[in-house]
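To start, the structure under review is shown below, and the notes come after it.
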Amino acid sequence: MILGTIMGTVVSTRKCRNLVGFKLLLVEPYYGDKNNIFVAADTIGAGIGELVLVTTDNTTQYALDRSAPVDAYIVGIVDGPPQPGK
């Protein structure tokens, strides 16, 4: 999983019908290169500025309730920033 911050939204009016119902969000990785912003699908209601958990690649399909062309999916909204060592 990746920890990231929601930086914005992606609006796509016309899209594959399997993507209907997913909100598409821009996620900036919390660790590593901040320039590697990616798009993740969301159904739990994450918003701009929130810290989220994102599953990526093959594990994404385990989190979806239906088949969809999604390779990054928001699976949690984090209550607070991580505190290493605690």
Side-chain angles (χ1 to χ4, degrees):
M1 274 193 272
I2 295 172
L3 195 60
T5 304
I6 303 298
M7 301 305 290
T9 60
V10 176
V11 177
S12 175
T13 305
R14 293 190 295 172
K15 57 191 165 196
C16 168
R17 75 178 158 159
N18 290 5
L19 286 176
V20 173
F22 289 102
K23 190 160 91 175
L24 302 175
L25 299 172
L26 294 174
V27 179
E28 177 187 78
Y30 190 79
Y31 296 108
D33 188 354
K34 306 286 187 205
N35 293 322
N36 289 334
I37 292 175
F38 59 94
V39 176
D42 174 61
T43 58
I44 62 173
I48 293 174
E50 289 188 297
L51 192 60
V52 294
L53 290 169
V54 183
T55 186
T56 58
D57 301 322
N58 294 337
T59 59
T60 301
Q61 296 303 312
Y62 294 107
L64 300 174
D65 60 2
R66 63 179 188 267
S67 178
V70 171
D71 63 358
Y73 185 64
I74 295 170
V75 294
I77 299 172
V78 178
D79 295 337
Q83 299 178 3
K86 283 196 169 187

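The structure places OG of Ser12 at 13.0 Å from CZ of Phe22, a figure rounded to the nearest 0.5 Å. Once rounded to the nearest 0.5 Å, the distance linking CG of Asp57 with CG of Asp71 reads 6.5 Å.
Taking both residues in full, the closest heavy atoms of Val70 and Ala41 are given as CG1-CB, 3.8 Å, listed atom of the first, atom of the second, then distance.
In the hydrophobic clustering (ILVMFWY side chains linked at under 4.5 Å, chained through shared members), Ile6 is joined by Ile2, Leu25, Val27, Phe38, Ile44, Ile48, Val52, Val54, Ile74, Ile77. Its side chain outside the 4.5 Å cluster rule for every partner, Val20 clusters with none of the Ile, Leu, Val, Met, Phe, Trp and Tyr residues.
A 4.5 Å side-chain heavy-atom check between Pro82 and Leu3 finds at least one atom pair inside the cut-off. Within the 4.5 Å cutoff, the side chain of Tyr62 has no heavy atoms near those of the Val75 side chain.
Evaluation of the side-chain hydrogen bond (donor to acceptor under 3.5 Å, both in side chains) rule for Thr59 yields Thr55 as partners, not counting sequence neighbours. By the side-chain contact (heavy atoms from CB on, under 4.5 Å) test, Glu28 pairs with Met7, Lys34, Ile37, sequence neighbours left out. Checked against side-chain contact (heavy atoms from CB on, under 4.5 Å), Asp33 has the following partners two or more places apart in sequence or in another chain: Asn35, Asn36.
Counting heavy atoms of neighbouring residues, nucleotides and ligands inside a 6.0 Å radius, atom CZ of Arg14 does not exceed 12 of them.
Pairs passing the side chain to side chain donor-acceptor pair (under 3.5 Å) check and including a residue from residues 39-54, sequence neighbours excluded, read Thr43-Tyr73.
Checked by atom type and distance alone, the side chain of Lys23 pairs as donor or acceptor with a backbone atom of Ala46 at under 3.5 Å. Gln61 places a side-chain N or O within donor-acceptor distance of the main-chain N or O of Ala68, the cut-off being under 3.5 Å.
When the options Asn18, Thr13, Leu19 are evaluated for a side chain to side chain contact (heavy atoms under 4.5 Å, CB included) with Lys15, the one that passes is Leu19.
Leu53 is connected to Tyr31 through a chain of hydrophobic side-chain contacts under 4.5 Å among Ile, Leu, Val, Met, Phe, Trp and Tyr, so both are in one cluster.
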